[in-house]
Amino acid sequence: MPGPIGRQSVTVLQAALVAGDYNTQVRDWDHPTSTVVSGCTVDYTSNSRTRQAGDQTTTRALLLMPPRAMQITTGMRVTWDGRTWEIDGVPAHAEGAGPLSGQAVNLLEVKGA
């Protein structure tokens with residue numbers, strides 16, 4: 001069951017593309033721009049722990065954005081609950097569900113080896 005529905009805030013991080021090694025472009029996560037989005041609903045959906053060559057913990061959460069909020073894309077990150085989350089997959093666009101719907105975004109955090 002989610003926490004306070006529609007009463008949570010997240011910070012969306014965006015990083016510019018900069019020149020990397022071997023003529024590649026990488027995101028500059030040392031200097032991201034941040035945007036606070038309130039009116040969200042976020043909750044943990046699953047977690048798992050792998051113990052093979054090293055310990056690894058994978059945690060997933062679901063972010064439900066409010067209507068007319070900024071669009072989240074795969075090149076962004078989100079901070080919530082004291083953690084920085086990667087975007088897992090391609091975020092769903094809200095337009096297909098109607099004008100009062102917000103975007104649904106799967107979040108992923110991987111810790112360990």
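Contact of the L62 side chain with the N106 side chain is registered, since non-hydrogen atoms from C-beta on lie closer than 4.5 Å. For the pair C40 and S9, the minimum side-chain heavy-atom distance is 4.5 Å or more. By the 4.5 Å heavy-atom criterion applied to side chains, E86 and R77 are counted as neighbours. Using a 4.5 Å cut-off on side-chain heavy atoms (C-beta onward), V18 and V26 make contact. In this structure the side chain of P91 reaches within 4.5 angstrom of the side chain of T74, judged on heavy atoms. At a threshold of 4.5 Å between non-hydrogen side-chain atoms, the residues Q56 and K111 do not count as touching.
To the nearest 0.5 Å, the span separating OG1 on T73 from CD on Q103 amounts to 8.5 Å. Separation of atoms OG1 (T45) and CG (L63) is listed at 11.5 Å; rounding is to 0.5 Å. Between atom OG1 of residue T50 and atom CG of residue D55 there is a gap of 8.5 Å, rounded to the nearest 0.5 Å. Once rounded to the nearest 0.5 Å, the distance linking CG of L108 with CG of D88 reads 4.5 Å.
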Self-check item: side-chain contact (heavy atoms from CB on, under 4.5 Å) between L107 and R60, worked out
Solution: CA-CA 6 Å; L107 304 176; R60 296 179 191 280; over 6 Å; no
Quiz prompt | Worked check of side-chain contact (heavy atoms from CB on, under 4.5 Å) between N47 and T58 | solution = CA-CA 5 Å; N47 61 14; T58 303; over 6 Å; no
Quiz prompt | side-chain contact (heavy atoms from CB on, under 4.5 Å) assessment of V105 paired with I87 | solution = CA-CA 7 Å; V105 182; I87 305 304; 3.9 Å; yes
Self-check item: Criterion side-chain contact (heavy atoms from CB on, under 4.5 Å) on Y44 and D81, from CA distance to verdict
Solution: CA-CA 10 Å; Y44 293 98; D81 198 24; 2.2 Å; yes
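Here side-chain hydrogen bond (donor to acceptor under 3.5 Å, both in side chains) pairs that include residues 29-40, with residues two or more places apart or in two chains, are D28-H31.
V37 and I72 end up in the same hydrophobic cluster when Ile, Leu, Val, Met, Phe, Trp and Tyr side chains are linked at under 4.5 Å. Taken together through direct or relayed side-chain contacts under 4.5 Å among Ile, Leu, Val, Met, Phe, Trp and Tyr, V12 and L64 form parts of separate hydrophobic clusters. Linking ILVMFWY residues whenever their side-chain heavy atoms come closer than 4.5 Å, directly or via other members, places M70 and V42 in the same cluster.
Between the side chain of W85 and the backbone N or O of W80 there is at least one donor-acceptor pair closer than 3.5 Å. Not one N or O on the side chain of Q8 forms a donor-acceptor pair closer than 3.5 Å with the backbone of G39.
Smallest separation of non-hydrogen atoms from R49 and T57: CG-OG1, 4.3 Å.
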